[in-house]
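Basis for what follows: all heavy atoms, side chains included, without hydrogens, waters or symmetry-related copies. All chains are named by letter (A, B, ...) in the order of the sequence lines, taking the proteins before the strands, and each is independently numbered beginning at 1.
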Amino acid sequence: MSDDKKEENIKANNTGEKGTTIPPHFIRYIIQQDMKTNKWAGRVETRFPPEPNGYLHIGHAKAICLSFGMAEEFGGVCHLRFDDTNPTKEETEYVESIKKDVKWLGFNWGKHEYYASDYFDQLYAFSLQLIKMGKAYVCDLTPEQIREYRGTLTEPGRESPYRNRSMQENLTLFNRMKRGHFKDGEKVLRAKIDMASPNINMRDPVIYRILHAKHHRTGDKWCIYPMYDFTHCLSDSIEQITHSLCTLEFEDHRPLYDWFLDALGVYHPQQIEFARLNLTYTVMSKRKLLQLVKEGHVRGWDDPRMPTISGFRRRGYTPTSIRTFADRIGVAKRDSMVDYGLLEHCIREELNKTAPRVMGVLRPLKVIIDNYPDDLVEEMEAVNNPEDESMGARKVPFSKVIYIEETDFMENPPKKFFRLSPGQEVRLRYAYYITCTDVIKDASGKVIELHCTYDPESKGGGTPDGRRVKGTIHWVSAVHAIRAEVRLYEHLLTVPDPSDEEEDKHFLEYLNPESLEVIENALLEPSLANVKEGQRFQFERHGYFYVDPDSTEGKPVFNRTVTLRDTWGKMVQQNKHD
RNA sequence: UGGGGUGUCGUCCAGCGGCAGGACACAUGACUCUGGAUCAUGGAACCGGGGUUCGAAUCCCUGCACCCCAGCCA
């Protein structure tokens with residue numbers, strides 16, 4: 001390795017804040033080189049260019065973190081530009097949601113909010129210029145004919161019979177297209193490049209089409225709209241973008257962008273492509289996400305099961321956890337499928353340090369402590385967060401009748417079951433040791449109530465004799481508990497990668513019927529009586545929960561963001577499969 | 001079959017002619033009033049075949065596999 005390269009790599013390894021190591025990636029390396037050679041006069045100007053035709057998803061988050069992140073890191077700016085060239089698909093609602101999501105992630109475009117539609121006049125002038133140079137022509141072929149003339153992947157295309165119209169005729173026709181003299185689809189403007197090019201994008205691509213549709217920003221001003229390829233590279237040019245970061249599928253559009261830019265002799269940004277994000281157990285295409293919403297498979301774009309940014313927000317993910325995730329998955333050019341577990345790891349890691357602990361019983365089983373005084377109520381002191389002493393402690397009321405988790409009791413436990421069973425002593429977290437003395441069942445044999453005795457010496461969770469109690473379970477006092485709705489989420493899909501399965505199956509066939517379980521009446525400790533939307537908690541031994549906007553005065557609603565790691569649950573699962 | 005890309009632990013990412021490393025996941029142990037957290041330990045990979053070289057994941061040749069492109073979508 002050359003000394004220069006070594007030096008750069010070392011730098012790439014140490015650009016993080018406060019000693020944290022940011023892994024190097026090829027785009028960062030390119031920008032570093034450009035800064036070193038002063039290629040762009042010290043500028044780093046990127047852009048995030050969404051089309052406002054849907055909500056942003058976690059794959060967009062990766063792109064946002066990259067483009068905004070690089071700008072931030074090198075003291076540049078990142079533009080937010082809406083690629084709104086197709087009025088039939090775009091809506092203001094989407095513009096608003098996109099701005100909200102980018103902001104929520106913690107990025108700022110400042111005054112650099114742009115719309116491709118702002119450039120329509122300029123773009124029109126560019127197309128006129130191309131016509132005058134003999135590099136664009138009006139074509140009367142129907143969409144079907146254009147397709148036929150285009151050829152195939154292995155055969156060259158044929159030239160359109162309209163390819164050699166005079167410049168004057170093209171000018172006249174294009175002007176009439178603009179003035180609305182033709183119906184949708186009747187004519188298009190095409191670039192005159194090379195119908196025999198092995199790159200299909202170069203076979204006289206359409207650059208303007210007729211669309212008599214109202215645009216969300218320009219209204220009825222236009223009835224011709226520029227195509228993406230033409231618009232996008234020129235928008236980057238107009239905005240003086242230095243590094244235009246996009247996904248792999250645009251790699252073979254780059255020659256076309258080069259052609260437009262060179263033909264018009266305008267500023268030429270550098271495009272760099274990277275692989276888009278794929279996540280296990282979910283889908284990431286806007287088309288599929290739109291279908292999930294439109295067909296009601298989920299409750300909306302922000303359904304906590306959706307891989308949208310708004311979905312993750314409502315699920316309880318934090319901006320930081322998503323940005324951490326984006327850092328950890330890295331940036332490269334190979335197709336990949338990231339394990340959903342990594343995302344879960346990122347949110348657990350953060351919430352473990354920040355979320356206050358509380359006790360909540362999801363599936364209650366009544367326990368009567370026979371030797372506990374009938375009317376006594378004791379306030380037990382509970383630590384709010386063992387990871388952070390500064391978060392203090394709270395009081396949790398304890399009384400004779402409590403509820404514990406149904407799954408924390410087994411009449412005939414397997415070997416390593418440390419929880420409550422007849423004759424086995426267990427610790428009630430922050431309270432007493434109890435021993436089960438009697439099991440009450442209903443007619444069907446289902447356990448409906450337990451009788452226990454407690455050891456008064458064990459108050460707070462320990463005894464003078466120092467005897468070991470292996471299991472600790474959570475509880476709520478029956479008279480003090482509040483009720484809440486709790487929504488438990490699982491993966492959207494039952495398989496990690498539907499495209500890996502049988503080919504003729506549609507992704508909807510892999511929708512997980514158990515992706516949402518609603519618990520109407522969970523019982524929570526009373527400190528949760530006045531929670532506010534947006535608060536996060538750890539329900540001890542369950543997971544992290546987020547207060548949903550559906551919450552009402554008397555009935556909070558909690559979304560489970562992610563479960564705690566559960567080695568016992570894993571063991572049970574494995575034994576089932578063995 | 002034309003063009004453009006990509007192949008490194010189970011997964012994601014490093015590596016730039018000199019001991020293949022990190023993260024997640026997994027396994028084992030320690031600790032624990034959350035079967036959480038934490039700590040320690042471990043298993044685990046260079047697509048195949050040739051070549052160049054003292055030495056190849058890295059350079060060359062060759063094969064193979066996978067992804068993208070035939071919208072008047074972006």
Side-chain angles (χ1 to χ4, degrees), chain A residues 1-2 5-6 8-9 12-13 21 23-25 49-51 53 83 85-86 88-90 139 141-143 146-148 150-157 184-190 197-203 205-211 225 227-229 231-232 247-255 273 275 280 286-287 328-339 341-346 348-349 352-353 357 359 382-383 386-387 416-419 427-431 460-462 469-474 496 538-543 563-571:
Chain A
M1 202 196 301
S2 72
K5 265 195 169 177
K6 261 182 193 163
E8 287 306 323
N9 280 349
N13 265 311
T21 302
H25 58 65
E51 183 192 12
N53 69 341
D83 258 330
T85 56
N86 186 347
T88 64
K89 290 188 176 169
E90 295 147 9
C139 184
L141 256 26
T142 64
I146 286 185
R147 195 186 325 122
E148 284 163 28
R150 187 152 33 223
T152 69
L153 294 178
T154 52
E155 304 154 44
D184 287 6
E186 227 175 297
K187 284 183 169 40
V188 290
L189 183 70
R190 301 174 72 177
S197 172
N199 182 344
I200 291 187
N201 296 122
M202 303 297 273
R203 318 239 262 230
V206 172
I207 57 183
Y208 263 93
R209 79 287 215 188
I210 299 169
L211 244 31
Y225 291 91
M227 297 289 290
Y228 170 83
D229 280 332
T231 307
H232 191 262
T247 44
L248 254 26
E249 68 270 27
F250 295 107
E251 208 151 15
D252 41 79
H253 292 232
R254 188 157 23 98
E273 307 85 5
T280 55
K286 270 197 200 172
R287 207 197 84 246
R328 297 212 179 152
I329 57 175
V331 179
K333 294 193 72 161
R334 66 183 90 108
D335 293 307
S336 61
M337 177 65 70
V338 175
D339 190 339
L342 182 58
L343 223 201
E344 294 188 325
H345 168 79
C346 291
R348 282 195 191 107
E349 182 179 56
N352 175 48
K353 298 217 161 51
R357 271 60 167 171
M359 289 196 284
V383 172
E387 302 288 320
K416 287 187 177 167
F417 188 81
F418 307 145
R419 308 173 187 180
R427 175 187 298 111
L428 294 175
R429 176 132 240 227
Y430 299 124
V469 171
K470 189 85 174 156
T472 301
I473 64 175
H474 60 277
Q538 183 197 99
F539 289 8
E540 291 212 20
R541 304 210 303 133
H542 280 299
T563 61
L564 254 25
R565 284 185 68 226
D566 180 9
T567 45
W568 169 250
K570 203 183 291 171
M571 253 174 67

Output yes when at least one side-chain N/O atom of [X] is less than 4.0 Å from OP1 or OP2 of [N], else no.
X      : N     : answer
A:S336 : B:C13 : yes
A:R334 : B:G7  : yes
A:K570 : B:C26 : yes
A:R150 : B:C72 : yes
A:T567 : B:G36 : yes
A:H474 : B:U34 : no

Under 4.0 Å between any heavy atoms, over every strand shown, what does [X] touch: base, sugar-phosphate, or nothing? Just pick one.
X      : value
A:R565 : sugar-phosphate
A:M227 : sugar-phosphate
A:F250 : base
A:P50  : nothing
A:E344 : nothing
A:Y430 : base
A:L141 : base
A:F539 : nothing
A:M337 : sugar-phosphate
A:V331 : sugar-phosphate
A:I146 : base

Within the 4.5 Å heavy-atom criterion, are A:K470 and A:R427 side-chain neighbours or not?
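No, every pair of side-chain atoms sits at 4.5 Å or beyond.
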Counting only side-chain heavy atoms from C-beta out, which of [options] sits nearest to [X]?
X      : options             : result
A:R209 : B:U1, B:C73, B:A14  : B:C73
A:A332 : B:G35, B:C12, B:A14 : B:A14
A:R147 : B:G35, B:A70, B:G7  : B:A70
A:R357 : B:U34, B:C73, B:C68 : B:U34
A:T85  : B:U34, B:C12, B:A74 : B:A74
A:K470 : B:U32, B:G2, B:U34  : B:U32
A:N352 : B:A37, B:C67, B:G2  : B:A37
A:W568 : B:C26, B:G35, B:C72 : B:G35
A:L153 : B:A70, B:C72, B:G35 : B:A70
A:D252 : B:G3, B:U34, B:C72  : B:G3

Regarding A:S197 and A:N199, do their side chains bring together a donor and an acceptor under 3.5 Å, going by distance alone?
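The criterion, which ignores hydrogens and geometry beyond distance, is not satisfied for A:N199 and A:S197.
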Looking at A:E186 and A:R209, is any side-chain nitrogen of the basic one under 4.0 Å from a carboxylate oxygen of the acidic one?
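No salt bridge links A:R209 with A:E186.
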When you check the gap from the basic side-chain N to the acidic O, do A:K89 and A:E51 get nearer than 4.0 Å?
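Not counted as a salt bridge, because no side-chain N and carboxylate O are separated by less than 4.0 Å.
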How does RNA chain B look in dot-bracket form if you count Watson-Crick and G-U pairs under 3.5 Å, write [ ] for pairs that cross, and put | where a base pairs with another strand?
.((((((..((((....[..)))).(((((.......)))))....(((((..]....))))))))))).....
Using heavy-atom distances to pick each residue's nearest nucleotide on RNA chain B, tell me which of A:I200 and A:L211 is more 5'.
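The residue whose closest nucleotide sits nearer the 5' end is A:I200.
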Identify, between A:H253 and A:I329, the residue whose nearest nucleotide on RNA chain B lies closer to the 5' end.
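By nearest-heavy-atom nucleotide position, the 5'-most residue is A:I329.
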Please answer whether the main-chain N or O of [Y] pairs with a side-chain N or O of [X] as donor and acceptor at a distance below 3.5 Å.
X      : Y      : value
A:T247 : A:E249 : no
A:D339 : A:L342 : no
A:R348 : A:T563 : yes

[atom1] spacing across the pair [N] / [M], given as an integer number of angstrom:
N     : M     : atom1 : result
B:G63 : B:U28 : P     : 47 Å
B:U62 : B:A20 : P     : 29 Å
B:G18 : B:C59 : P     : 11 Å
B:G49 : B:U38 : P     : 42 Å
B:G42 : B:A23 : P     : 13 Å
B:C60 : B:A65 : P     : 22 Å
B:C13 : B:C72 : C1'   : 41 Å
B:G51 : B:G55 : P     : 12 Å

Test A:E349 against A:R328 for salt bridge (Lys or Arg N to Asp or Glu O under 4.0 Å), laying out the working first.
CA-CA 13 Å; A:E349 182 179 56; A:R328 297 212 179 152; 3.1 Å; yes
Should A:W568 and A:F417 be marked as a side chain to side chain contact (heavy atoms under 4.5 Å, CB included) after you check the CA-CA gap, both sets of side-chain angles, and the distance that decides it?
CA-CA 9 Å; A:W568 169 250; A:F417 188 81; 3.6 Å; yes
Over 60° means perpendicular and under 30° means parallel, so tell me whether A:H253 and A:F250 are parallel, tilted or perpendicular.
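Because their plane-to-plane angle is over 60°, the rings of A:H253 and A:F250 count as perpendicular.
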Can you classify the ring geometry of A:H542 versus A:H474 as parallel (below 30°), tilted (30 to 60°) or perpendicular (above 60°)?
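Answer is perpendicular, since the angle exceeds 60°.
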Has the side chain of [X] got a donor or acceptor atom sitting under 3.5 Å from an opposite partner on the base of [N]?
X      : N     : result
A:E387 : B:U38 : no
A:R419 : B:G35 : yes
A:E251 : B:G3  : no

What form does the base of B:G29 take, syn (within 90° of 0) or anti?
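It is anti.
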